[in-house]
Amino acid sequence: MKLTGVELRWIEMPLKSPFRTSFGTQNVRQLLLLRAVTDESEGWGECVAMADPVYSSEYLEGCADVLRRFLVPALSGPIDGVSVAPRLARFRGHRMAKGALEMAVLDAELRARGVSFGRELGATRDRVPCGVSVGIMDSTPELLDAVGAYLDEGYARIKLKIEPGWDVEPVRAVRERFGSDVLLQVDANTAYTLGDARHLARLDPFDLLLIEQPLDEEEILAHAELAKVVRTPICLDESITSAKSAADAIKLGACQIVNIKPGRVGGYLEARRIHDVCAAHGIAVWCGGMLETGIGRAANVALAALPGCTLPGDTSASDRYYQMDITEPFVLDDGHLAVPTGPGLGVTPLPDALDAVTVKTEWLPL
Ligand SMILES: CSCC[C@@H](NC(=O)CCC(=O)O)C(=O)O
Ligand SMILES: [Mg+2]
């Protein structure tokens with residue numbers, strides 16, 4: 001298969017309501033979609049980098065630049081999904097940009113072969129239980145209303161964003177209102193330090209599934225120290241950038257659970273390798289989210305169907321964040337989403353919906 005070019009598409013998707021985390025509040029999701037055009041088929045990739053480098057060092061315009069000047073030109077000549085990462089390895093970092101490009105080439109290859117993402121990645125289920133991420137709110141009553149609505153929709157797991165000053169009390173309020181059977185976890189997005197260990201241990205009585213990324217992404221040993229003070233399992237997100245970093249974190253006792261985000265780790269093939277490393281060490285994994293459109297959501301649901309994904313992921317329905325998705329919407333069914341079965345991602349953008357959120361496009365010829 002040969003690439004004839006890649007289209008970059010800047011899109012802006014307004015959120016139904018502000019999504020607040022410890023690193024800021026989002027009202028609109030600005031992201032880059034890639035369309036890989038080959039001599040056999042076309043494929044789609046979603047770059048999950050945010051507009052600003054506040055979740056990780058990557059950001060939207062930086063990804064566009066590195067794709068334009070380095071990554072896309074490096075894919076001239078015969079190419080397929082598995083050969084993208086080796087071809088790009090000489091360029092350091094830029095995992096989200098690389099992951100989106102690999103995803104688009106892999107999707108084109110799989111559509112040409114008539115193989116689904118789920119089949120290619122090793123999915124063993126045709127539907128997956130879905131969790132939902134709940135942002136930091138202005139008040140506890142507002143939080144309880146939101147959590148109650150998501151539970152009524154059937155979500156299998158609730159994840160609360162936390163930060164210093166909004167942690168123990170919101171968790172206590174959710175437990176008191178909805179009981180101890182609700183699967184409940186928290187995500188700090190690196191907002192704490194090891195000095196907060198005893199404070200974070202105050203979450204232990206609430207029987208949380210996990211505490212996600214309490215410390216800075218580079219604090220691997222500190223997470224291992226934290227795990228000696230906090231009984232609740234530590235889950236890493238931002239710290240896990242590759243199968244190697246996952247193996248190191250596990251060996252150092254820095255995490256008992258891993259949130260796998262394909263964009264963060266350089267693509268779905270590396271995500272599968274992380275899944276396999278964790279499974280070999282008895283570490284549970286789940287598929288994280290970056291407010292993807294239906295394109296990224298389709299691939300995430302396929303990943304979430306792998307056997308080692310034993311915890312509900314942040315694979316919410318399309319209407320968690322968006323009034324209208326750019327694909328046929330993913331709709332929750334009894335707390336589950338169906339794994340797409342068509343070739344490649346199994347979904348394609350709806351032209352009118354895509355045009356409605358497109359800011360600009362750029363064609364990168366090969
Ligand atoms: C765009 S920043 C979101 C990062 C955050 N993701 C979520 O909370 C889930 C978002 C989703 O439902 O896609 C995380 O750190 O896990
Ligand atoms: Mg997280």
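Atoms within a ligand are numbered from 1 in the order they appear, just like the ligands themselves. Reckoned from all heavy atoms, side chains included, excluding hydrogens, waters and symmetry mates.
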- request: Scan Asp276, Val277, Leu269 and name whichever one has a side chain to side chain contact (heavy atoms under 4.5 Å, CB included) with Arg273.
  value: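 Filter result, single survivor: Leu269.
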query: Can you tell which of Asn259, Leu209, Ile211 makes a side chain to side chain contact (heavy atoms under 4.5 Å, CB included) with Gln185?
result: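 Going through the options one by one, the only one that passes is Leu209.
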Ion pair present between [X] and [Y], side-chain N to carboxylate O less than 4.0 angstrom?
X      : Y      : value
Arg157 : Asp314 : yes
Glu12  : Arg29  : no
Arg68  : Asp65  : yes
Arg113 : Glu120 : yes
Asp187 : Lys159 : yes

message: Can you tell me which portion of Asp237 lies within the under-4.0 Å heavy-atom range of ligand 1? Options are side chain, backbone, both, or neither.
response: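 The side chain, only.
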Numbering the atoms of ligand 1 from 1, which are under 4.0 Å from a heavy atom of [X]?
X      : result
Phe23  : 2 (S)
Lys261 : 4 (C), 5 (C), 6 (N), 14 (C), 15 (O), 16 (O)
Glu212 : 16 (O)
Asp187 : 14 (C), 15 (O), 16 (O)
Phe19  : 8 (O)
Gln26  : 1 (C)

- request: Return the option from Leu291, Asn189, Asp314 holding the heavy atom at the smallest distance from atom 15 (O) of ligand 1.
  value: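 Going through Leu291, Asn189, Asp314 one by one, Asn189 has the nearest heavy atom to atom 15 (O) of ligand 1.
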message: Nearest non-hydrogen contact with atom 5 (C) of ligand 1 belongs to which option: Met290, Lys159, Lys161?
response: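 Heavy atom nearest to atom 5 (C) of ligand 1 belongs to Lys161.
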message: We want to know whether Glu46 and Thr293 form a side-chain donor-acceptor pair, criterion being a heavy-atom distance below 3.5 angstrom.
response: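 Glu46 vs Thr293: donor-acceptor pair found between side chains.
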task: Take every heavy atom of Arg320, measure it against each atom of ligand 1, and state whether any distance is under 4.0 Å.
output: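 Under 4.0 Å: no for Arg320.
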task: Classify the ring geometry between Phe91 and Phe70 as parallel (under 30°), tilted (30 to 60°) or perpendicular (over 60°).
output: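 Taking Phe70 first and then Phe91, their aromatic rings sit tilted (interplane angle of 30° to 60°).
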Looking only at N, O or S atoms, which one in [X] sits nearest to the Mg ion (ligand 2)?
X      : result
Glu212 : OE2
Asp237 : OD2
Asp187 : OD2

Among protein heavy atoms, which lies nearest [atom], and at what distance?
atom                    : answer
atom 6 (N) of ligand 1  : Gly289 O, 2.9 Å
atom 12 (O) of ligand 1 : Tyr321 OH, 2.7 Å
atom 8 (O) of ligand 1  : Ser133 OG, 2.8 Å

message: So for ligand 1, is Arg29 a polar contact partner (N or O within less than 3.5 Å, distance only)?
response: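 In this structure, Arg29 places no N or O atom under 3.5 Å from an N or O of ligand 1.
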Val174/Leu143 under side-chain contact (heavy atoms from CB on, under 4.5 Å): CA gap, chis, key distance, verdict: CA-CA 8 Å; Val174 167; Leu143 174 73; 3.9 Å; yes
task: Answer yes or no: are there more than 12 heavy-atom neighbours, outside Glu328 itself, under 6.0 Å from its atom CD?
output: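 Open.
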